[in-house]
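Sequence positions, counted from 1, serve as the residue numbers for this chain. Scope of the values below: all heavy atoms of this structure, side chains included, with no hydrogens, waters or symmetry mates.
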Amino acid sequence: MLFHDGKMTIRKLEDSDKEAMVKWLNDPEVLKYYEGRDNPHDLKRVNQHYFEREDETARCLVEYEGTPIGYIQFYPVLEEERMAYGYWNPDEIIYGTDQFIGEPDYWNKGLGTELVELMKKYLLNEKQADILVMDPQVWNERAIACYEKCGFQKVKFLPAHELHEGEMKDCWLMEYKA
């Protein structure tokens with residue numbers, strides 16, 4: 001377990017989580033916001049994208065009251081992405097995150113905000129991050145509102161930044177400074 005606060009737990013993905021990941025990454029409601037409805041994941045793709053990659057990304061399951069409800073990953077922002085985002089100071093510790101609540105019954109209950117706040121606290125305190133970043137698509141107003149509620153600010157428009165459902169979508173670079 002990475003950490004636990006109140007009713008929410010964030011822990012590293014385990015083999016037993018594959019079924020939940022396949023379920024979530026085949027749900028059109030979830031895929032509308034994460035990965036894209038044209039990009040469902042069977043067990044093979046879940047293994048390739050979330051269990052077999054060897055990089056600096058920490059891939060985690062989110063539980064609420066012991067029930068798996070979502071996914072979050074965090075990673076140090078590396079040089080190429082730092083330059084694209086306009087972060088020139090190599091001494092700054094910058095982390096990025098991506099997340100989703102995979103159980104639509106848990107949407108609109110403040111759990112996304114709780115999740116982002118918990119991860120923010122973890123990255124600032126445990127990883128000594130100076131800056132946290134996310135890059136939501138501009139049309140995803142619910143995610144942007146959640147991040148703003150957690151203190152993130154839009155700092156840079158990223159045109160045609162992310163492939164989603166067959167189109168390059170505009171995104172916002174959002175940051176939180178320690």
Please report the interatomic distance [atom1]([X]) to [atom2]([Y]), rounded to the nearest 0.5 Å.
{"X": "Q99", "Y": "C60", "atom1": "CD", "atom2": "SG", "result": "11.0 Å"}
{"X": "E92", "Y": "N89", "atom1": "CD", "atom2": "CG", "result": "4.5 Å"}
{"X": "L61", "Y": "K12", "atom1": "CG", "atom2": "NZ", "result": "13.0 Å"}
{"X": "L123", "Y": "L132", "atom1": "CG", "atom2": "CG", "result": "5.5 Å"}
{"X": "L115", "Y": "I69", "atom1": "CG", "atom2": "CD1", "result": "7.5 Å"}
{"X": "Y50", "Y": "N47", "atom1": "OH", "atom2": "CG", "result": "12.0 Å"}

Open item on the list: Could you work out, with side-chain hydrogen bond (donor to acceptor under 3.5 Å, both in side chains) as the rule, every residue matching E162, not counting sequence neighbours?
Closed with: Q137
Task: Sequence neighbours excluded - salt bridge (Lys or Arg N to Asp or Glu O under 4.0 Å) pairs with any residue from residues 26-46 - done: R37-E165
Task: Contact list for residues 95-104, test salt bridge (Lys or Arg N to Asp or Glu O under 4.0 Å), sequence neighbours left out - done: K23-E103
Near [X] [atom1], under 6.0 Å, is it more than 12 heavy atoms from other residues, nucleotides or ligands?
{"X": "E19", "atom1": "CD", "value": "no"}
{"X": "E52", "atom1": "CD", "value": "yes"}
{"X": "E80", "atom1": "CD", "value": "no"}

Open item on the list: Which residue is it: L173, L158, I144? I am looking for the one with a side chain to side chain contact (heavy atoms under 4.5 Å, CB included) to P136.
Closed with: I144
Suppose we screen for salt bridge (Lys or Arg N to Asp or Glu O under 4.0 Å). Which residues come up paired with [X], at least two apart in sequence or across chains?
{"X": "E167", "result": "K169"}
{"X": "D55", "result": "R59"}
{"X": "K127", "result": "none"}

When you compare the side chain of [Y] with that of [X], does any pair of heavy atoms fall below 4.5 Å?
{"X": "V155", "Y": "M174", "value": "no"}
{"X": "L25", "Y": "Y71", "value": "no"}
{"X": "E175", "Y": "K154", "value": "no"}
{"X": "I94", "Y": "P76", "value": "no"}
{"X": "E114", "Y": "K109", "value": "no"}
{"X": "V116", "Y": "C146", "value": "yes"}

TODO: For the pair T97 and Q73, evaluate side-chain contact (heavy atoms from CB on, under 4.5 Å) and give the outcome as yes or no after the intermediate values.
DONE: CA-CA 6 Å; T97 72; Q73 64 185 23; over 6 Å; no
Looking at residues at least two apart in the chain, or sitting in another chain, which of them share a ring-ring contact (aromatic ring centres under 6.0 Å, His included) with [X]?
{"X": "Y147", "result": "none"}
{"X": "Y87", "result": "none"}
{"X": "F157", "result": "W172"}
{"X": "Y176", "result": "F152"}

TODO: Take V30 and F100, measure what side-chain contact (heavy atoms from CB on, under 4.5 Å) needs, and give me the verdict at the end.
DONE: CA-CA 8 Å; V30 175; F100 65 84; 3.9 Å; yes
Any donor-acceptor pair under 3.5 Å from [X] side chain to [Y] backbone:
{"X": "H41", "Y": "N39", "result": "yes"}
{"X": "W88", "Y": "M83", "result": "no"}
{"X": "H164", "Y": "G166", "result": "no"}
{"X": "K177", "Y": "D130", "result": "no"}
{"X": "D170", "Y": "V138", "result": "no"}
{"X": "D17", "Y": "L13", "result": "no"}

Task: Whether W107 and Y33 hold their rings parallel, tilted or perpendicular, with breakpoints at 30° and 60° - done: perpendicular
Task: Y95 and F74 aromatic ring geometry - parallel, tilted or perpendicular at 30°/60° bounds - done: tilted
- [ ] Show your reasoning for whether side-chain contact (heavy atoms from CB on, under 4.5 Å) applies to W24 and N26.
- [x] CA-CA 5 Å; W24 297 332; N26 276 286; over 6 Å; no
Task: A178 to L124 - nearest heavy-atom pair and separation - done: CB-CD2, 3.7 Å
Task: Worked check of salt bridge (Lys or Arg N to Asp or Glu O under 4.0 Å) between E79 and R82 - done: CA-CA 5 Å; E79 184 177 359; R82 290 168 78 102; over 6 Å; no
Task: K156 to Y85, cation-pi by 6.0 Å centre distance and 45° axis angle - done: no
Task: Any donor-acceptor N or O pair under 3.5 Å, side chains D135, H161 - done: yes
TODO: Tell me, with the steps shown, if E56 and Y75 meet side-chain contact (heavy atoms from CB on, under 4.5 Å).
DONE: CA-CA 6 Å; E56 296 185 53; Y75 47 89; 5.5 Å; no
Task: Co-members of the apolar cluster containing M168 [side chain, <4.5 Å] - done: L163
- [ ] Is it possible for you to say whether I72 and M134 belong to one hydrophobic cluster, with membership spreading through side-chain heavy-atom contacts below 4.5 Å?
- [x] yes
Open item on the list: Give me each pair satisfying side-chain hydrogen bond (donor to acceptor under 3.5 Å, both in side chains) with a member in residues 61-70, each pair once, sequence neighbours excluded.
Closed with: K7-E65, R11-E63
